[in-house]
Amino acid sequence: MDRARRPRSVLAALTAALLAVPALTALSSPAGAADADVAVNGGFESGLTGWTCTAGTTVDSPVHSGRSALQATPAGSDNAQCAQTVTVQPDAQYTLFGYVRGSYVYLGANGTGTTDVSTWTQSAPDWQKLTTTFRTGPATTKVTIYTHGWYGTGAYQADDITLVGPGGSGTGQPPAAPTGLRTTSVTSSSVGLSWSAVTGATSYALYRDGARVQSVTGTSATVSGLAASTAYGFQVSAVNAAGESAKSAAVTATTSAGTGGGSSDLPAHALVGYLHASFANGAGYTRLADVPDSWDVIDLAFGEPTSVTSGDIRFNRCPVTECPGVESDADFKAAIKAKQAAGKKVLISIGGQNGQVQLTTTAARDAFVTSVSKIIDTWGLDGLDVDFEGHSLSLNANDTDFKNPTTPVVVNLISALKTLKAKYGAKFVLTMAPETFFVQNGYQFYGTGKWGGQDPRCGAYLPVIHALRDDLTLLHVQDYNSGPIMGLDNQYHSMGGADFHIAMTDMLLTGFPVAGDPNNVFPPLRPDQVAIGMPATTNAGNGYVSPAEVTKTLDCLTKKTNCGSYATHGTWPALRGLMTWSINWDRFANGEFQKTFDGYFG
């Protein structure tokens with residue numbers, strides 16, 4: 001958050017240079033009478049079973065036939081390819097065809113043993129059939145069929161992809177359903193599962209309450225992002241090149257009660273705001289005692305490091321020369337105690353635009369813990385808000401798994417926050433205020449990407465949020481000063497209306513595949529852990545929305561009414577609330593943001 005005005009905005013991810021489109025030849029010949037379709041799940045009725053996709057998902061509209069179709073969106077240096085390897089016979093003729101929509105959509109086959117083939121369409125505003133043929137080589141038993149788009153273009157759709165020809169000797173039947181499914185561990189937010197291996201299975205699909213949530217190659221998995229004290233039903237199926245088995249018998253597990261990182265002490269719906277405590281700007285200085293009672297969480301802005309990499313955080317209150325109305329330290333402490341006596345939480349917020357914090361070493365990590373503890377103890381605060389912006393967090397080139405980060409600045413921050421949580425216990429309030437670039441943008445990009453060239457800050461908050469999800473009280477992403485972000489509908493959403501807030505929040509509450517990888521899903525957060533970040537006024541930041549748009553946002557997410565074009569994946573009446581930059585700017589605007597919150601939640 002910017003002392004002068006608003007939080008620092010970040011650059012959009014790099015766009016890859018458009019490559020030259022090769023000349024491709026489409027072939028066609030009829031298939032033999034004894035031939036069969038050897039492609040698996042070509043209609044995408046079983047999700048992405050059998051397919052490996054870099055940036056694909058299934059949609060229920062538009063479809064060519066059936067209930068589902070593939071939708072994939074090229075981005076950066078990724079052409080959004082979906083492929084599967086099928087078993088074929090040597091020296092045999094095959095016809096590959098499918099139906100596509102979009103611009104520059106390709107259908108082809110690799111590893112034929114003769115001449116690899118593909119066909120494409122420059123523009124297909126409605127479903128268009130693509131067809132090509134090939135002959136396998138004398139020793140070829142496996143061929144990879146694929147579809148993809150082109151760099152820098154929009155989303156494409158594909159459906160009913162079919163490979164007609166003699167089935168290979170290894171096509172066989174789908175495997176048997178797994179047996180022996182059991183729970184191995186249960187926490188307040190996760191359930192561990194294991195099952196017996198199935199002969200012929202190459203992977204397993206895990207289902208939670210009937211919805212497919214995970215795909216693994218082993219015989220165990222952990223399902224995360226669950227609500228505390230809640231019963232869930234789990235099943236597993238086995239998958240091979242011939243298809244997916246029936247689901248196993250169901251196992252039910254009930255998560256334990258969680259501490260919620262101190263969230264149980266908050267009201268069911270909370271209003272969070274930042275108070276300019278160490279500086280003044282156009283909004284003017286507001287004494288802590290004068291903050292209206294509507295504000296449930298008050299983040300004191302800001303604690304900042306003595307240098308970017310020192311880890312030594314200092315909180316200096318605004319001097320009287322800059323803030324003529326500033327209260328004494330004694331009065332400030334008294335105001336903190338009075339707010340706490342009224343059930344409010346007062347936190348120190350670390351970072352902001354000017355407070356770059358990079359914990360590059362374990363010494364910096366330890367200094368961070370020591371200095372933040374001193375601030376909390378000196379002022380008698382309830383906890384910590386992490387508002388790392390700019391270049392505080394980025395990922396090393398070889399750091400590709402958000403569940404197992406290796407970058408020092410990320411690993412050391414996670415360690416520091418866990419140490420603080422352990423020191424202060426269950427009542428310690430931990431909140432985070434990342435920008436969309438560091439969270440939701442991770443749906444498309446993560447770090448530098450598989451081929452490099454992306455901004456290493458893409459999605460860099462995800463490993464921190466994931467590692468602390470059981471300790472996290474609130475995540476309130478800054479839905480402002482943001483470039484367009486792709487939502488789970490694979491469409492870009494821009495600031496300025498309810499649609500942006502709905503799409504961004506839906507991603508947090510539904511979860512999403514990181515960098516488009518369906519096998520690497522960021523699990524959903526609990527709704528009581530999520531508040532929506534909005535600027536209080538047009539002066540506070542880009543992306544201000546009117547009270548009517550705030551109401552639309554809350555209606556859609558908590559009641560599934562008053563929604564726009566974006567279709568949410570659930571309804572969350574337990575959504576915690578709203579966050580704003582800032583209390584000072586809201587007071588400058590006669591309390592419009594606060595009044596909107598009070599009018600909605602009462």
Evaluate Gln235 against Ser248 for side-chain hydrogen bond (donor to acceptor under 3.5 Å, both in side chains), listing each step before the verdict. CA-CA 5 Å; Gln235 292 172 285; Ser248 69; 5.5 Å; no

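- Here the side chains of Ile414 and Leu468 are in contact, with some heavy-atom distance below 4.5 Å.
- Taking the six-membered ring wherever Trp is involved, the centroid distance between the rings of Phe500 and His493 does not fall below 6.0 Å.
- Between Phe97 and Tyr99, the ring planes are perpendicular. Angles over 60° get that label, and only those under 30° would be called parallel.
- Looking only at side-chain heavy atoms (C-beta outward), Gln128 and Arg101 stay at 4.5 Å or farther from each other.
- Here the shortest heavy-atom pairing between Val410 and Pro405 reads CG1-CB, 3.9 Å.
- Separating the CG atom in Asp126 from the NE2 atom in His64 is a distance of 9.0 Å, to the nearest 0.5 Å.
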Test log, rule side-chain hydrogen bond (donor to acceptor under 3.5 Å, both in side chains), inputs Thr144 and Asn110: CA-CA 5 Å; Thr144 298; Asn110 289 330; over 6 Å; no

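- In this structure, the separation between OG1 on Thr73 and CD on Gln491 is 7.0 Å, given to the nearest 0.5 Å.
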Test side-chain hydrogen bond (donor to acceptor under 3.5 Å, both in side chains) on Gln454 and Thr448; report intermediate values, then the result. CA-CA 4 Å; Gln454 295 173 188; Thr448 57; over 6 Å; no

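- The shortest non-hydrogen separation linking Pro90 to Pro138 is CB-O, 3.2 Å.
- To the nearest 0.5 Å, atoms OG1 (Thr505) and CG (Leu575) are separated by 7.0 Å.
- In this structure, Tyr104 has its ring center at least 6.0 angstrom away from the ring center of Trp150.
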Run the side-chain hydrogen bond (donor to acceptor under 3.5 Å, both in side chains) check on Asp399 and Asn396 step by step: do they pass? CA-CA 5 Å; Asp399 194 347; Asn396 290 346; over 6 Å; no

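- A distance-only check finds a donor-acceptor pair linking the side chain of Tyr156 to the backbone of Ala80 [under 3.5 Å].
- Within the model, atoms CZ of Phe234 and OG1 of Thr183 stand 9.0 Å from one another, a figure rounded to the nearest 0.5 Å.
- Checked by atom type and distance alone, the side chain of His501 never pairs as donor or acceptor with a backbone atom of Ile532 at under 3.5 Å.
- Aromatic ring orientation, Tyr94 versus Phe134: parallel (interplanar angle below 30°, classes split at 30° and 60°).
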Taking distance alone, no hydrogens or angles, what donor-acceptor pairs closer than 3.5 Å link side-chain atoms of residues 507-522 to residues at least two apart or in another chain?
{"residue": "Thr510", "atom": "OG1", "partner": "Asp506", "partner atom": "O", "Å": "2.8"}
{"residue": "Thr510", "atom": "OG1", "partner": "Asp506", "partner atom": "OD1", "Å": "3.1"}
{"residue": "Asp517", "atom": "OD1", "partner": "Asn519", "partner atom": "N", "Å": "2.9"}

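- Within the 4.5 Å cutoff, the side chain of Lys142 has no heavy atoms near those of the Val88 side chain.
- The closest donor-acceptor contact from the side chain of Asn441 to the backbone of Gly459 lies at 3.5 Å or more, if one exists at all.
- Checked by atom type and distance alone, the side chain of Tyr461 pairs as donor or acceptor with a backbone atom of Phe388 at under 3.5 Å.
- A distance-only check finds a donor-acceptor pair linking the side chain of Arg135 to the backbone of Asp91 [under 3.5 Å].
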Asn481 vs Phe437, side chain to side chain contact (heavy atoms under 4.5 Å, CB included): CA-CA, chis, key distance, verdict: CA-CA 10 Å; Asn481 297 330; Phe437 188 87; over 6 Å; no

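- Closest approach of Ser196 to Thr219, counting heavy atoms only: C-CG2, 4.4 Å.
- Considering every non-hydrogen atom in both Gly98 and Leu107, the closest pair reads N-CD2, 3.6 Å.
- Checked by atom type, the side-chain pair Ser220/Ser194 shows no donor-acceptor distance below 3.5 Å.
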Candidate pair His569 and Leu488, rule side chain to side chain contact (heavy atoms under 4.5 Å, CB included), full reasoning: CA-CA 9 Å; His569 293 75; Leu488 295 181; 3.7 Å; yes

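- Side chain of Asp116 to main chain of Thr112: a donor-acceptor pair is present (N/O by atom type, distance under 3.5 Å, no hydrogens or angles).
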Would you check, one step at a time, whether the test side chain to side chain contact (heavy atoms under 4.5 Å, CB included) holds for Val40 with Gln84? CA-CA 8 Å; Val40 176; Gln84 70 168 262; 3.6 Å; yes

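- At a threshold of 4.5 Å between non-hydrogen side-chain atoms, the residues Leu525 and Leu475 count as touching.
- With hydrogens and angles left out, the side-chain atoms of Ser237 and Glu244 include a donor and acceptor closer than 3.5 Å.
- Side-chain contact between Ser103 and Gln122 is absent, with no heavy-atom pair separated by less than 4.5 Å.
- Looking only at distances, no side-chain donor or acceptor of Arg182 sits under 3.5 Å from a matching main-chain atom of Leu193.
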Apply the test side chain to side chain contact (heavy atoms under 4.5 Å, CB included) to residues Ser190 and Val223: give CA-CA distance (whole Å), side-chain angles for both, the deciding distance (0.1 Å), then the verdict. CA-CA 5 Å; Ser190 66; Val223 181; over 6 Å; no

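- With hydrogens and angles disregarded, no donor-acceptor distance shorter than 3.5 Å links the side chain of Glu549 to the backbone of Gly496.
- Leu48 is listed as a side-chain neighbour of Thr58, based on a closest heavy-atom distance under 4.5 Å.
- Contact of the Gln440 side chain with the Val477 side chain is registered, since non-hydrogen atoms from C-beta on lie closer than 4.5 Å.
- Ring orientation note: the planes of Tyr106 and Trp120 are close to parallel, at an angle under 30° on the 30°/60° scale.
- When each of Val143, Thr141, Thr114 is tested with Thr136 by the rule side-chain contact (heavy atoms from CB on, under 4.5 Å), just one qualifies, namely Val143.
- Taking every heavy atom of both residues into account, Gly47 and Asn41 meet most closely at O-ND2, 3.0 Å.
- Asp528 has a carboxylate O that lies under 4.0 Å from a charged side-chain N of Arg526, or vice versa, which qualifies the two as a salt bridge.
- The main-chain N or O of Asp160 is found under 3.5 Å from a side-chain atom of Thr162 such that the two form a donor-acceptor pair.
- No side-chain heavy atom of Arg576 sits under 4.5 Å from any side-chain heavy atom of Val530.
- Rounded to the nearest 0.5 angstrom, Lys129 NZ and Thr119 OG1 are separated by 12.0 Å.
- Atom CD of Gln529 is separated from atom CG of Leu472 by 5.5 Å, given to the nearest 0.5 angstrom.
- Considering every non-hydrogen atom in both Thr407 and Ser394, the closest pair reads CG2-O, 3.4 Å.
- In this structure, the side chain of Thr568 engages the main chain of Gly570 through a donor-acceptor pair within 3.5 Å.
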